[in-house]
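The structure under discussion appears below in the form of structure tokens.
All values derive from a computational prediction rather than experimental measurement.
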Amino acid sequence: MIKILVAGLWMSATMLASGYGTTQYLAAQKRVGDDEPAFVGLDYETVNPVNVPILFDGTLQGYVVIKMVFTADGDTLRRLPVPPHPFLVDEAFRVLYSDETLDFRSLERYDLEAFTERLKKTTNARLGRPVVHDVLVEEFNYFDKADVITH
């Protein structure tokens with residue numbers, strides 16, 4: 001009986017000591033990174049993939065598929081009457097569909113920096129306030145018409 005009582009007290013003391021040690025360790029970890037800049041309050045929001053048909057001389061050449069993520073202030077996102085996701089998708093479609101320099105028969109590098117900056121500015125203009133902080137491109141792919149039809 002005394003052995004069971006001593007074992008119970010030992011387990012209780014061990015649990016209290018380990019809990020205290022864990023809280024001290026976690027508190028020390030938070031103090032170490034205080035000087036580092038952090039993206040506090042920014043939410044990363046994923047946007048549905050945007051599929052854009054590429055036309056040349058009236059015929060379908062293929063499709064551009066782009067996956068994006070944008071950053072926005074979490075409090076601002078929660079207070080918006082409508083989410084910014086559809087506006088960003090619409091702007092991406094409009095920019096890619098109307099871009100005359102996007103010709104996959106003669107490939108050249110596409111200026112993603114200008115593309116994402118334009119998306120950010122036009123989406124914020126349509127929302128009427130600076131909601132989107134940054135637009136990140138997760139994937140930017142081109143699929144030829146023949147590849148899409150056969151698969």
So Val135 and Phe115, side-chain contact (heavy atoms from CB on, under 4.5 Å) or not? Walk me through it. CA-CA 9 Å; Val135 178; Phe115 173 70; over 6 Å; no
Which residue, Val64, Val52, Ile66, Val65, forms the side-chain contact (heavy atoms from CB on, under 4.5 Å) with Tyr142? Val64
Is it true that atom CZ of Phe93 has more than 12 heavy atoms of other residues, nucleotides or ligands lying nearer than 6.0 Å? yes
Nearest non-hydrogen partners of Pro84 and Thr123, listed with the distance: O-CG2, 4.4 Å
Starting at CG of Leu136, measure out to NZ of Lys120 and round the result to the nearest 0.5 Å. 11.0 Å
If you apply the rule side-chain contact (heavy atoms from CB on, under 4.5 Å), what do you find for Leu119 with Met68, and how did you get there? CA-CA 11 Å; Leu119 287 180; Met68 297 176 293; 3.6 Å; yes
Got a second to check how far Thr116's OG1 is from Phe70's CZ, nearest 0.5 Å? 14.0 Å
For residues 7-16, which side-chain donor-acceptor pairs fall under 3.5 Å, sequence neighbours excluded?
residue	atom	partner	partner atom	Å
Ser12	OG	Gly8	O	3.0
Thr14	OG1	Trp10	O	2.7

side-chain contact (heavy atoms from CB on, under 4.5 Å) between Leu55 and Leu60, worked out: CA-CA 5 Å; Leu55 304 173; Leu60 178 68; 4.0 Å; yes
Rounded to the nearest 0.5 Å, what separation is found between the CG atom of Leu96 and the CZ atom of Arg94? 13.0 Å
How many angstroms lie between OG1 in Thr71 and CG in Leu42, if you round to the nearest 0.5 Å? 5.5 Å
Indicate yes or no: at least one non-hydrogen side-chain atom of Lys145 is less than 4.5 angstrom from one of Thr59. no
So, Asp99 side chain and Val95 main chain: donor-acceptor pair closer than 3.5 Å or not? no
Asp73 side, atom CG; Arg78 side, atom CZ - distance, nearest 0.5 Å: 8.0 Å
Looking only at heavy atoms, which two atoms of Val50 and Ala92 are closest? And how far apart? CG2-CB, 4.3 Å
Rounded distance (nearest 0.5 Å) linking atom CD1 of Ile54 with atom CD of Gln61: 9.0 Å
For Asn124 and Val132, indicate whether the former's side chain and the latter's backbone hold a donor-acceptor pair under 3.5 Å. yes
Going by side-chain contact (heavy atoms from CB on, under 4.5 Å), name the residues that satisfy it together with Glu139, two or more places apart in sequence or in a different chain. Lys67, Asn141
